[in-house]
Amino acid sequence: MAIAKAERLMNLALCLLGTRRALSKRELRESIEAYLEAGSDDSFNRMFERDKEDLRELGLVIETVENLDGETGYLARRDSNRLPPVQLDVEEAAALGLAARVWQQARLAGAASGALQKLRAAGMPEADNPYEHSAIEPRIPVHEAAFEPLMLACRDRRPVIFDYRKVTAVRPEARHVEPWGLECWRGHWYLAGWDRDRGAERVFRLSRISGRVRSRAGAFTAPVPDVVTVRETVESWAGETATRSARIRLRAGAGYPLRSRATSASELGDGWDELEIPYGHGLDAHLVEFGPDVVVLEPADLRADVMDRLRAVAKG
């Protein structure tokens, strides 16, 4: 069974940090199991050079020296790879404490708690923490099974495939995605990434992912942007930043999600109200969910889309 790359990199880093003298490629190959399984010398050389560069990109300082036998050797001196002591003021410590309390899921809660304990052991101040006994308990809910595999895929830059049902679709379809980042907006988690099938950036709501998220081998085919604007994209698609408005009639006492988005509202009498709401992507599908409690007045294209959807539901 092939040894995972993360384990191989860790073993190489430990060898380079644990030696008192420079080790040649031959010695490193004999010391690390994954290199013994590499097969030919060419395969080993390519693997070693990639691993060495990956460790340097991660911040490990690796020196290249000539040893007494005329071979090129490698080592990572501990004094060159020692981080400076962590120094936090009370405000910074309070912010980290608050962030660690946000996550409640098992994997993230354990990592956050462990990191906080290490910082406290290193002397992180705890006194006068304004959040320690606060009545406000921060939470970021994560109920979707897709969150953890997508979080790991974003971290490791691994392509994924999953079944996704668009708001305008009846059935889910497979999507091949290069995941960039996750963000929570108004209680829902969204993934931003490169959709290989459509050749464009897309945002996916995790609650619409069905089944298991599967990883795929290979590198990303599109560059990852320096800033991933998940929230801005979702706001635009949801009509939060839309310049167009829709005018609807809404039955009194119904449609509270629509009322919360309304820019204006007035009573019409006879048990109906008139609302003006932002007109963004997917509004027609959202309005259909309220059935006979909503009547679209304008624009005409939105009214036609809603009528088409209602006819399709009636036929189904």
Side-chain angles (χ1 to χ4, degrees), residues 4-6 54 57-59 95-116 131 136-169 172-241 257 280-282 285-286:
K5 182 177 181 179
D54 286 345
E57 288 184 9
L58 291 171
L96 283 176
L98 177 63
R101 293 167 62 192
V102 165
W103 298 105
Q104 297 302 306
Q105 282 62 43
R107 175 184 287 266
L108 296 175
S113 176
L116 204 58
Y131 306 106
I136 300 175
E137 191 70 15
R139 292 289 186 271
I140 295 181
V142 179
H143 305 297
E144 294 86 357
F147 177 83
E148 186 170 304
L150 288 176
M151 178 191 69
L152 297 176
C154 290
R155 183 196 67 184
D156 299 336
R157 292 286 187 261
R158 284 186 284 105
V160 294
I161 179 174
F162 51 78
D163 293 331
Y164 186 76
R165 182 185 62 81
K166 296 191 300 182
V167 69
T168 57
E173 61 178 6
R175 308 295 285 267
H176 300 77
V177 179
E178 299 172 11
W180 293 344
L182 291 159
E183 189 163 343
C184 186
W185 184 73
R186 296 196 173 181
H188 298 286
W189 279 97
Y190 296 87
L191 168 74
W194 182 260
D195 190 321
R196 287 182 170 179
D197 299 318
R198 289 152 182 80
E201 176 184 353
R202 287 292 186 269
V203 173
F204 306 91
R205 181 164 153 173
L206 267 61
S207 61
R208 296 197 182 109
I209 295 176
S210 59
R212 189 171 60 90
V213 176
R214 290 94 71 192
S215 297
R216 287 294 177 265
F220 280 12
T221 60
V224 180
D226 294 333
V227 178
V228 181
T229 56
V230 181
R231 185 169 304 184
E232 291 82 351
T233 302
V234 175
E235 286 178 347
S236 174
W237 279 45
E240 298 292 330
T241 58
H281 177 83
H286 186 45

For a quick test of reading the model, state the closest non-hydrogen atom pair linking [X] to [Y] and the distance between them.
{"X": "Pro159", "Y": "Phe220", "value": "N-CE1, 3.7 Å"}
{"X": "Val160", "Y": "Ala153", "value": "CG1-CB, 3.6 Å"}
{"X": "Glu178", "Y": "Arg196", "value": "OE2-NE, 2.8 Å"}
{"X": "Val203", "Y": "Ala192", "value": "CG2-CB, 4.3 Å"}
{"X": "Tyr164", "Y": "Arg205", "value": "OH-N, 3.0 Å"}
{"X": "Pro223", "Y": "Trp180", "value": "O-CZ2, 3.8 Å"}

Q. Is the closest basic N to carboxylate O distance between Asp197 and Arg175 below 4.0 Å?
A.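 No salt bridge links Asp197 with Arg175.
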**Q.** Criterion salt bridge (charged side-chain N to carboxylate O under 4.0 Å, His left out) against Glu173, the qualifying member of Arg198, Arg165, Arg208
**A.**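 The salt bridge (charged side-chain N to carboxylate O under 4.0 Å, His left out) with Glu173 is passed solely by Arg198 among Arg198, Arg165, Arg208.
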Q: Scan Ser215, Pro179, Pro149 and name whichever one has a side-chain contact (heavy atoms from CB on, under 4.5 Å) with Arg158.
A: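 For Arg158, the side-chain contact (heavy atoms from CB on, under 4.5 Å) check succeeds only for Ser215.
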Q) To the nearest 0.5 Å, what is the distance between CZ (Arg202) and CG (Leu191)? A)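 It is 13.0 Å, given to the nearest 0.5 Å.
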Q. Counting only N and O atoms by type, is there a donor-acceptor contact under 3.5 Å from the side chain of Tyr190 to the main-chain atoms of Gly181?
A.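 Not confirmed, Tyr190 side chain does not pair with Gly181 backbone.
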Q) Do the non-hydrogen side-chain atoms of Arg216 and Val177 ever get within less than 4.5 Å of each other? A)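 No. Closest side-chain heavy atoms not under 4.5 Å.
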Q: Would you indicate whether the side-chain heavy atoms of Val213 and Glu148 approach each other to under 4.5 Å?
A: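 Side-chain contact under 4.5 Å: no.
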